[in-house]
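Here is the structure we will look at.
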Amino acid sequence: MSTNYITTSKGEVVKFSDLKRRTPSSVYFSSLHDRVCLNIAKRKISNTDSDDFKLYVNLLILKSSKVKELTSLIFLITHNVLSVSEIRCSYIEKSFFDDFICLNYNIKYTINFKQYDFIDIKYKYIIFPVKIILHKIYRLLKNKVEYKKSLIKTYIEDTINFYPKQIQNSTIFIYPFNLNFNRQRKFIEYCKKNYPNNYSLMGNPYSLFGYLLGMITKDGDFNVIEAEKKAYMIHSHELLKFNIKELYTLDEFETASFVMNGNLVRNNVFVLNKTHGVGGYCLYLNYSVLEVFTSRQYERYTKWNPHIRVLFQKINTFENKECKDKGVKLVFMHGNMDACGLYYEEELEQKIIRKLKEISLNLNVDYFIKFHPNTTDKAKLKYKDLEIKEVTKIEDIENPLFFTIFSTSFYDFLKFGPFIFLSDDFFKQDDIFGRDMVACYNYNSAEDIIKRSIVYENYKNLHRSQIELLSSRQ
């Protein structure tokens, strides 16, 4: 039996590692998760202004399953989802629980605390060493380029969409992207064809020997902190030697990017980052300007990074195609939740997709699904029995009424039609989108909502109100 588990008031024993399956991922985008990470980091590092502290918080947010377990536990208890009689834990003190769970819950604590060791073992001993090796290989393979005043730090082809003007007149450095090598390979081939003299592979100057030695001589979590911090600071000095004046990037998911970018900003380099999705990644960042998608991102990043000028990305909400009353079509925007390990959302998404099929038959309206670009043919088979029509080009659908749990597609496709967000009692989209949503409902009441929304005048009014809300953001 695991040493970290709870016992419910009904006598059920639940391992901490199983709690995430009962918890919506929106909780990990919430202020609760940020507060849990800050609380743990303060227990280990007293100087909250130091780079070590900020880097540790970022690592806890993105690279710690244990922290997610604790956030899940607090959420499930304080939202009365689980009635807990006992908590057994070996990796945090009881005082941590006292900071988040009031005495009224009458929980017995059995704590056998040993030491702080929060960053995932797999990350420290497999993923991070592989990352170091990949960066070394990319540095060895870098080619001569024509250095320009502006530099684009990139990974995959989404840079083309975010920086279409800058990519024409910038040096392009492509860093390792181990999530999808084939996707990056295609981007490298694109750059080789279109910008042969301007692009090169590049990596951070990690010390593999230093990191391996640190596995023996240093605290495991601090070994990662030290390796990341040193590599990014050294790399910032390398970039300064190229005499760049502007850096364009999409690196808010890189835990130590604020170290490099901060030094560049202090040396009068203009650094612009655009968030490339609706998620909340690192808490601590450093840029001259940060352009975000959601109101939640805006509020979070301005609170914790007051030195950054935070703006909303310009959203294209104008579509030339004339709207005509030819009937509204339902379009579900699939999120590929299972591939991302979002078990709670995967189950919820399946329920919603099937519910919408039932409603489309009841109301006699067309129903389409737009699969996530990374969805495999095998994953699509689970919906084969529903016989839902797949759409690949949204512009081919007249009067689409979009449905999603959460997706960046809200900002990408709002120009084509309005969105309705469907959820249950626990998944909170406002933890992701903030004040940007106009239509958010429990999927069990979806039929009545859809019945009203497919009335063409109501459809147009909803679309107009969502466009006006996004256009009014400052």
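These values consider heavy atoms only, across backbone and side chains, with no hydrogens, waters or symmetry-generated copies.
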Between Tyr367 and Ile388, is any pair of side-chain heavy atoms under 4.5 Å apart? yes
Please evaluate residues Lys303 and Glu299 with respect to the criterion salt bridge (Lys or Arg N to Asp or Glu O under 4.0 Å), reporting the C-alpha separation (whole Å), side-chain torsions for both, the decisive distance (0.1 Å), and the verdict. CA-CA 6 Å; Lys303 177 180 180 180; Glu299 292 161 2; over 6 Å; no
Can you confirm whether more than 12 heavy atoms, excluding those of Lys186, are under 6.0 Å from its NZ atom? no
Thr294 side chain to Ile432 main-chain N or O, any donor-acceptor pair under 3.5 Å? yes
If the threshold is 4.0 Å, N to carboxylate O, is there a salt bridge linking Lys131 and Glu228? yes
Counting only heavy atoms from other residues, nucleotides and ligands, does the tally under 6.0 Å from NZ of Lys382 exceed 12? yes
My understanding is that only one of Phe403, Phe402, Phe410 makes a ring pair (Phe, Tyr, Trp, His ring centres under 6.0 Å) with Phe421; could you say which? Phe410
Could you tell me whether Asp436 and Arg473 have a side-chain N and a carboxylate O separated by less than 4.0 Å? yes
To the nearest 0.5 Å, what is the distance between NZ on Lys63 and CG on Asp221? 13.5 Å
If you take the centroid of each ring, where Trp contributes its six-membered ring, are Tyr211 and Tyr206 closer together than 6.0 Å? no
Working for side-chain contact (heavy atoms from CB on, under 4.5 Å), residues Phe118 and Leu59: CA-CA 9 Å; Phe118 277 93; Leu59 285 164; over 6 Å; no
Can you find a heavy atom in the side chain of Asn4 that is under 4.5 Å from one in the side chain of Glu69? no
Decide if atom NZ of Lys230 counts as having more than 12 heavy atoms of other residues, nucleotides or ligands within a radius under 6.0 Å. no
Between the main-chain N or O of Tyr232 and the side-chain N or O of Asn204, is there a donor-acceptor pair closer than 3.5 Å? no
CG-CD1 distance between Leu240 and Ile244, expressed to the nearest 0.5 angstrom: 6.5 Å
Using modelled atom types and a 3.5 Å cut-off, is there a donor and acceptor pairing between side-chain atoms of Asn305 and backbone atoms of Leu285? yes
Does Tyr147 form a side chain to side chain donor-acceptor pair (under 3.5 Å) with Asn243? I'd like the steps, not just the answer. CA-CA 8 Å; Tyr147 291 110; Asn243 295 315; over 6 Å; no
Can Lys274 be said to sit on top of Phe162's aromatic six-ring, NZ or CZ under 6.0 Å from centre and within 45° of the ring axis? no
Spatial distance of atom CG (Asp430) from atom OG (Ser423) [nearest 0.5 Å]: 9.5 Å
Set out, in order, the CA-CA distance, both residues' side-chain angles and the distance that settles side-chain contact (heavy atoms from CB on, under 4.5 Å) for Ile405 and Met337, then state yes or no. CA-CA 10 Å; Ile405 301 177; Met337 306 297 184; 4.3 Å; yes
Side chain Asn273, main chain Asp251, donor-acceptor under 3.5 Å: yes
In plain terms, say whether Asp117 and Lys124 are close enough for a salt bridge, that is, a side-chain N and a carboxylate O under 4.0 Å apart. yes
Which atom names give the shortest non-hydrogen contact between Tyr287 and Thr249, and what distance separates them? CE2-CG2, 4.0 Å
Over-ring placement of Lys153 relative to Tyr175, 6.0 Å and 45° cut-offs: yes
Looking at residues at least two apart in the chain, or sitting in another chain, which of them share a side-chain hydrogen bond (donor to acceptor under 3.5 Å, both in side chains) with Lys245? none
So CG of Asp99 and CD of Glu93: to nearest 0.5 Å the spacing works out to 10.0 Å
Would you please test Tyr248 and Thr159 for side-chain contact (heavy atoms from CB on, under 4.5 Å) and show each step? CA-CA 9 Å; Tyr248 300 96; Thr159 305; over 6 Å; no
Which atoms form the tightest heavy-atom contact between Pro418 and Pro400, and what is the distance? CD-O, 3.7 Å
Hey, is the main chain of Val27 close enough, under 3.5 Å, to the side chain of Ser30 for a donor-acceptor pair? yes
Would you call the rings of Phe312 and Tyr298 parallel, tilted or perpendicular, where under 30° means parallel and over 60° means perpendicular? parallel
May I ask you to check whether Phe258 and Tyr284 place their ring centres under 6.0 Å from each other? no
Just wondering, are more than 12 heavy atoms of other shown residues or ligands nearer than 6.0 Å to CZ in Arg185? yes
Side chain of Glu345, backbone of Ser25: donor and acceptor closer than 3.5 Å? yes
Testing the basics here: between Tyr281 and Arg300, what is the closest heavy-atom pair and its distance to 0.1 Å? O-NH2, 3.1 Å
Looking at Phe419 versus Phe433, is the centre-to-centre ring distance below 6.0 Å? no
For Asn261 and Asn286, the nearest pair of non-hydrogen atoms, with its separation, is CB-O, 2.9 Å
Pairing of Lys370 and Asp396 as salt bridge, 4.0 angstrom limit: no
Cationic tip of Lys68 above Tyr28 ring, under 6.0 Å, 45° of axis: yes
Over all atoms of both residues, closest heavy-atom pair of Ala41 and Val57: CB-CG2, 3.6 Å
Test item: Tyr443 side-chain N/O and Ile353 main-chain N/O as donor-acceptor pair under 3.5 Å: no
Ionic contact status for Glu246 with Lys149, cut-off 4.0 Å: no
Suppose the criterion is salt bridge (Lys or Arg N to Asp or Glu O under 4.0 Å): which pairs have a residue in residues 161-178, not counting sequence neighbours? none
Any heavy-atom pair between the side chains of Ile61 and Val67 that's under 4.5 Å? no
Between atom CG of Leu247 and atom OG of Ser170, what is the distance when rounded to the nearest 0.5 Å? 9.5 Å
Worked verdict on Phe96 versus Ile40 for side-chain contact (heavy atoms from CB on, under 4.5 Å): CA-CA 8 Å; Phe96 167 83; Ile40 293 170; 4.1 Å; yes
From Phe173, Phe187, Tyr199, Phe177, residue fulfilling side-chain contact (heavy atoms from CB on, under 4.5 Å) relative to Thr154: Phe187
Aromatic plane relationship, Phe253 with His276 - under 30° parallel, 30 to 60° tilted, over 60° perpendicular: perpendicular
What are the two closest non-hydrogen atoms of Asn143 and Ser200, and how far apart are they? N-OG, 3.0 Å
Taking Arg43 for its side chain and Ile92 for its backbone only, find out whether a donor-acceptor pair lies under 3.5 Å. no
Below 4.0 angstrom, N of the basic side chain to O of the carboxylate: do Glu347 and Lys351 qualify? yes
Counting C-beta onward and ignoring hydrogens, is there a side-chain heavy-atom pair between Thr171 and Leu151 closer than 4.5 Å? yes
Got His372 and Ser407 here, is their nearest side-chain heavy-atom distance under 4.5 Å? no
Within a strict 4.5 Å, meaning less than it, do heavy atoms of the Phe426 and Thr23 side chains meet? no
Report the relative orientation of the aromatic rings in Phe427 and Phe406; use parallel for angles under 30°, tilted for 30 to 60°, perpendicular for over 60°. parallel
Under 3.5 Å, is there a donor-acceptor pair between the side chain of Thr255 and the main chain of Cys282? no
Are the side chain of His463 and the backbone of Leu401 linked by a donor-acceptor contact shorter than 3.5 Å? no
